[in-house]
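Structure first, commentary second.
Chain letters run A, B, ... following the sequence lines, proteins first and then strands; every chain starts at 1.
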Amino acid sequence: MTLHKHFLADGVIKRHEKIGTNDVYLLDINISANTEKFAAGQFVQLQVPDGEILLRRPLSIADAAGSNLILIYRVIGKGTKRLAKTSVGQKVSIMGPLGNGFDLACKKPLLVGGGLGIAPLLLLAKRFAGKADILMGCKNAEEMDWPLPLFKNIVKNTFITTDDGSMGMRGFVSEYLPEILTAESYDKIFVCGPEIMMRSSAEVAVRHGIICEVSLEKRMACGLGACLSCTIETKCGRKKVCKDGPVFESREVFF
Amino acid sequence: MTLHKHFLADGVIKRHEKIGTNDVYLLDINISANTEKFAAGQFVQLQVPDGEILLRRPLSIADAAGSNLILIYRVIGKGTKRLAKTSVGQKVSIMGPLGNGFDLACKKPLLVGGGLGIAPLLLLAKRFAGKADILMGCKNAEEMDWPLPLFKNIVKNTFITTDDGSMGMRGFVSEYLPEILTAESYDKIFVCGPEIMMRSSAEVAVRHGIICEVSLEKRMACGLGACLSCTIETKCGRKKVCKDGPVFESREVFF
Amino acid sequence: MSSVSLKTEFAGIKLNSPIMTASGTFGFGEEFEDFADFSTLGAIVVKGTTLEPRNGNRGIRIAETPAGMLNCIGLENPGVQFLVNEILPRIGKYNCPIIVNISGNTVEEYGELAKILDIDGVKAIELNVSCPNVKEGGIAFGVEPKSMVAVIKAAKKNTGKPVIIKLSPNVTDIAVMAKAAENAGADAVSLINTLIGMAIDINTCKPVLGNITGGLSGPAVKPVALRMVWQVRKAISLPIIGMGGIMNAQDAIEFFLAGADAVAIGTANFVEPDSTVKIYRDLKKYLEQKNLTDIRDLIGKLRT
Amino acid sequence: MSSVSLKTEFAGIKLNSPIMTASGTFGFGEEFEDFADFSTLGAIVVKGTTLEPRNGNRGIRIAETPAGMLNCIGLENPGVQFLVNEILPRIGKYNCPIIVNISGNTVEEYGELAKILDIDGVKAIELNVSCPNVKEGGIAFGVEPKSMVAVIKAAKKNTGKPVIIKLSPNVTDIAVMAKAAENAGADAVSLINTLIGMAIDINTCKPVLGNITGGLSGPAVKPVALRMVWQVRKAISLPIIGMGGIMNAQDAIEFFLAGADAVAIGTANFVEPDSTVKIYRDLKKYLEQKNLTDIRDLIGKLRT
Ligand SMILES: Cc1cc2nc3c(=O)[nH]c(=O)nc-3n(C[C@H](O)[C@H](O)[C@H](O)COP(=O)(O)OP(=O)(O)OC[C@H]3O[C@@H](n4cnc5c(N)ncnc54)[C@H](O)[C@@H]3O)c2cc1C
Ligand SMILES: Cc1cc2nc3c(=O)[nH]c(=O)nc-3n(C[C@H](O)[C@H](O)[C@H](O)COP(=O)(O)OP(=O)(O)OC[C@H]3O[C@@H](n4cnc5c(N)ncnc54)[C@H](O)[C@@H]3O)c2cc1C
Ligand SMILES: Cc1cc2nc3c(=O)[nH]c(=O)nc-3n(C[C@H](O)[C@H](O)[C@H](O)COP(=O)(O)O)c2cc1C
Ligand SMILES: Cc1cc2nc3c(=O)[nH]c(=O)nc-3n(C[C@H](O)[C@H](O)[C@H](O)COP(=O)(O)O)c2cc1C
Ligand code: FES
Ligand code: FES
């Protein structure tokens, strides 16, 4: 887990395209700063351009190479809707990298992602240089359209579940997880997705005696640990998702 | 003086370029409505795109042809600064045509414009189909860069004053006006520009027994005569610049 | 065909919808003829009216602020007689309930205005006791329960029409004011009027507004307005007209959920002159999506 | 080399500039180490501190509103002892005056807190009597002169440091509160704290915030804040810290002109973490343009 001094920069949008059927976008931003040491699981606070949106929006670093950052986001509300309208060449203020990031120390990692929670696992898979497996869960096959190609060559095995069975196994990742954990001897799983999915996955992991890291989401104002918008109760007292997290050992936060 | 029912439309920006050295822009907007009958002197309420600016901004119709509107504006504050950033192809909500417009009834018109007040005189000159003369006043030769070419072929004679004498006569239009009015027998003058310039020009006109129409500016919210932001005291009682104006017979408002 | 009904009743007045216009922002309705659809409007609340004609304030009267605007129009209006003789007959053709917003310098003036307006063509009167722009009158009545009560009583005594009291947000406890209004016999309350604000031009080092301060309206004030509607809903049982920064149906729905029986659209009319039409349309859509058939099923349904 | 000086004095404290940070928006300063320049800051006003550690409110704590935000953090803080033992020693290295913002459940608690904080490393205390988020304490003191006066007196009795009272905007007459504070012996006032607001999620029909209501801050409130600073400036002669929606030097200058002796930057820190640095720079530029050499030449210079 590497921690870096934060930067605040006007990045320039190099690529901005819809990559998923359901309003998922990829944003490639040049920040003229070396991003190589940004940890997987860290995030940035992005300012939605054009002045209407006051607060920054937290988005995970999906990929980082050279001086470019890749963010992948879904249009959810006002901020992301407006963000989707920005065009290549526009400037966008980025502050980061924030938070702790995943702890890579392990031998045989399994990444578990649901929905947009899959995004930060991309950089994580890269950092594991091909040795990780991934279990991805989505509502249906359509939702798999963006992550599948992105993970193609950077993980070993890919397992898939969809809620409706339209691709891979039918059901939630946590239902499939016991089978996978029994078949292969993973020593750590990294989970990012909806809270309910992280909880149930973490439970399975704990039952299998495997360490589990989860990446939490909370509304944020500062992203720096100052405003206390994002405090959570943990086993070790109150912590700030933006600074002490977003990644936590599951037993610390789900208890 | 023709009055039309108002339209409210999402125009599409067809052209947007800096035409003056000092932050003057030309905006060509297709509003898919026939603009042929819009009167010179009328204006539109333009919504600055992108959501940061709440109120619409009043801008004179500088030209109207087919279903296109030409607006010419100077960057003054927040709203026009943001407007200057919009690009070709963007939508912009336009409401208009508002106000009364100039009364064309006359034989030998002289148009008198100062600064951005020159913009609405463009359509007026066109409506006079070449029979009008124009007297333009600006700070210096540089400020003449945008109006000169625009008026080239649509007026008979062009008289110029600059405050610093860098082009044409040195001084204010009102200083040069007596000379022009004496030399040629104009029967009506149309003045648009800073209030002080309109006042002094009107005074000269009145002294020469010539009817003078002036186009006033006041901060506006609704543009429809409803909010009373733009009320002025006239000889004939209180009037609304947006609805009863912006054009007034000078003796009605300067007294 | 939508089976959703926006028809409702407010203080005994039948309304085509719970969407009204806020006084001072919609003129007398006529100005918006090209954009509004009067059959979708619950009522037109006309510009603040006084006994004598008023010229309003001098100098600059509006200023834009972040997500809001300040105004210091200062109750310019042609006086109640002109309203009654010239304007009301003209706007009767819209078949839309007319509510007249009135302002007095003294308690007696409110009574007199109420009496003059106790006529056909006026469905209710709204007492403006909170306009922050007029030095004499206005302000004092709206921030102190005792004088507000006197104004309500004077109006009630002089009219058979429903009397709506428009509450000022510039008070420590809006619920106290609302309760006092209820006890004084008001038939309904509307809130909020504008918050008092100010803007300064740093180039000239002068206030932007001719009147130095002005009333803040628009999206900026919505959170405050919504909170006050919710507070007042808990405090009294009179019907409420909620307003303050409503720009779209979503905003309106927030007010209904908080407990407003009707809403009024103000500053939004300047931004989109057809705001009320769009809100009507989108409000219907929302009810359909939520499988509700009657707007009244929404009112006060905030789950806390 | 600029000859413009932003150095000033506030309630007897020497400041490198009149630019402070608003309590609760800048943590303890450390969090902004990468972005702020402590030599340009007049003071760091740290997060609201209570006698015992507090967990703050449950559920969602912030919501974005048009040009503003609502928060209901609810005074989460590690308690005064932790502040004194752990944090103050750490942030002393910035050589920047530290002002501690305190909140109590009772008058006595304010006294106790003032006493505990009457130590080196604390330059002044700021009494938060207006935080709208805590059910016990807080709110009551800030909207009623008598209890506010009691709090000020309790604090004054227990400390030799300057006591700054932070006024709530949720009152009918801010000048009355300011005068009461002056008479009670406060050394300075700061204003405004947040306006009480609310937001509703129309999908769930529930309040967005865990605490239902929250405090509105940011550009949306600036016109109200500015008006209140101007009102208070006319009413009392104590030094004023102005705040509420200051995002840039222009906003800050408006507050100085209205009469603020210093300004505090709050929500802006979330938008641009280096806001204070930019404001310092642009404020200097403005003074240069205006041919002023001392920030104090600007204060209260509004021409009305
Ligand atoms: C550490 C972190 C990393 C994230 N990474 C990603 C990512 O890589 N891709 C992605 O699509 N989304 C990600 N999210 C969620 C993303 O921040 C929200 O979807 C986004 O803020 C929604 O903004 P909005 O204005 O469109 O929605 P609105 O609902 O209009 O936003 C209103 C407010 O709520 C906040 N908010 C809304 N949803 C969330 C949420 N799920 N988490 C936190 N705050 C929220 C917004 O930031 C804003 O302050 C991440 C969140 C966190 C905390
Ligand atoms: C009928 C009419 C026609 C106009 N035609 C033109 C034109 O063709 N070209 C052009 O460049 N300008 C024109 N103006 C002036 C133009 O409206 C202002 O320059 C513009 O509104 C400034 O907006 P801003 O946000 O950049 O300035 P800001 O100063 O930030 O604006 C703040 C507020 O003041 C208002 N305001 C500022 N200056 C003026 C002004 N001079 N007149 C009215 N309101 C103002 C703005 O609309 C806004 O509400 C016209 C004004 C009126 C009333
Ligand atoms: C330009 C303007 C004029 C107003 N005039 C009046 C008035 O005459 N009487 C009144 O009670 N309220 C008046 N108001 C207040 C509005 O009716 C409304 O209460 C307030 O603007 C809040 O709603 P909004 O945010 O939707 O505009 C006026 C508001 C504006 C913006
Ligand atoms: C997240 C947040 C937390 C705050 N916490 C406190 C606090 O603990 N004590 C206090 O007196 N004010 C607190 N405030 C109020 C600010 O200090 C300030 O008065 C207010 O936000 C207005 O300034 P602004 O608009 O610049 O943010 C808080 C504000 C915010 C946004
Ligand atoms: S977002 Fe401010 S403390 Fe986490
Ligand atoms: S701008 Fe509203 S009346 Fe003229």
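Within the model, atoms CG of A:Leu54 and OG1 of D:Thr267 stand 7.0 Å from one another, a figure rounded to the nearest 0.5 Å. Rounded to the nearest 0.5 angstrom, A:Met95 CE and D:Glu272 CD are separated by 9.5 Å. Of the inter-residue distances, the one linking A:Arg219 atom CZ with D:Met69 atom CE reads 10.5 Å to the nearest 0.5 angstrom. Annotation: the span from A:Gln47 atom CD to D:Phe270 atom CZ amounts to 14.0 Å, rounded to 0.5 Å. A:Ser229 OG to D:Asn71 CG: the interatomic distance, rounded to the nearest 0.5 Å, is 7.0 Å.
Within a 6.0 Å sphere centred on CZ of A:Arg74, other residues, nucleotides and ligands contribute more than 12 heavy atoms. In A:Lys18, the NZ atom is crowded: over 12 heavy atoms of neighbouring residues, nucleotides or ligands sit closer than 6.0 Å. Residue D:Arg58 places its CZ atom among 12 or fewer non-hydrogen atoms of other residues, nucleotides or ligands, all under 6.0 Å distant. Atom CD of A:Glu233 has more than 12 neighbouring heavy atoms from other residues, nucleotides or ligands inside a 6.0 Å radius. Remark: A:Ile19 CD1 is packed, more than 12 non-hydrogen atoms of other residues, nucleotides or ligands lying under 6.0 Å away. A:Lys239 NZ: more than 12 foreign heavy atoms inside a 6.0 Å radius. Heavy-atom neighbours of D:Lys206 NZ from other residues, nucleotides or ligands within 6.0 Å: at or below the threshold of 12. With a 6.0 Å radius and a threshold of 12 heavy atoms from other residues, nucleotides or ligands, A:Phe172 has its CZ atom at or below the threshold.
Residue contact with chain A, scored on non-hydrogen atoms closer than 4.5 Å, involves the side chain of D:Pro219 exclusively. Within the 4.5 angstrom heavy-atom criterion, only side-chain atoms of D:Val208, from C-beta onward, approach chain A. Using a 4.5 Å cut-off between heavy atoms, D:Phe28 does not touch chain A at all.
Interface with chain A: from residues 243-251 of chain D, residues D:Met247 qualify, criterion being any non-hydrogen pair under 4.5 Å. The interface of residues 55-66 of chain A with chain D, defined by heavy-atom distances below 4.5 Å, comprises A:Leu55, A:Arg56, A:Arg57.
Between chain A and the residues D:Asn55, D:Asn269, D:Ile60, the largest count of heavy-atom pairs under 4.5 Å involves D:Asn55. Counting heavy-atom pairs closer than 4.5 Å to chain D, the top residue among A:Ser93, A:Gly51, A:Cys227 is A:Cys227. Of the residues considered (A:Gly237, A:Gly223, A:Gly79, A:Gly225), A:Gly225 shows the highest number of contacts with chain D, using heavy-atom pairs under 4.5 Å.
Pairing each heavy atom of D:Ile62 with each of A:Ala221, the nearest pair is CD1-N, 3.7 Å.
In this structure, A:Cys222 and D:Glu31 have side chains that are not in contact, with every pair of non-hydrogen atoms separated by 4.5 Å or more.
Judged by distance alone, with hydrogens and angles left aside, the side-chain atoms of D:Arg61 form a donor-acceptor pair with the main-chain N or O of A:Leu228 at under 3.5 Å.
D:Phe32 is linked by a ring pair (Phe, Tyr, Trp, His ring centres under 6.0 Å) to D:Phe26, counting only residues two or more places apart in sequence or in another chain.
For residues 37-72 of chain D, the ring-ring contact (aromatic ring centres under 6.0 Å, His included) pairs, not counting sequence neighbours, are D:Phe38-D:Tyr94.
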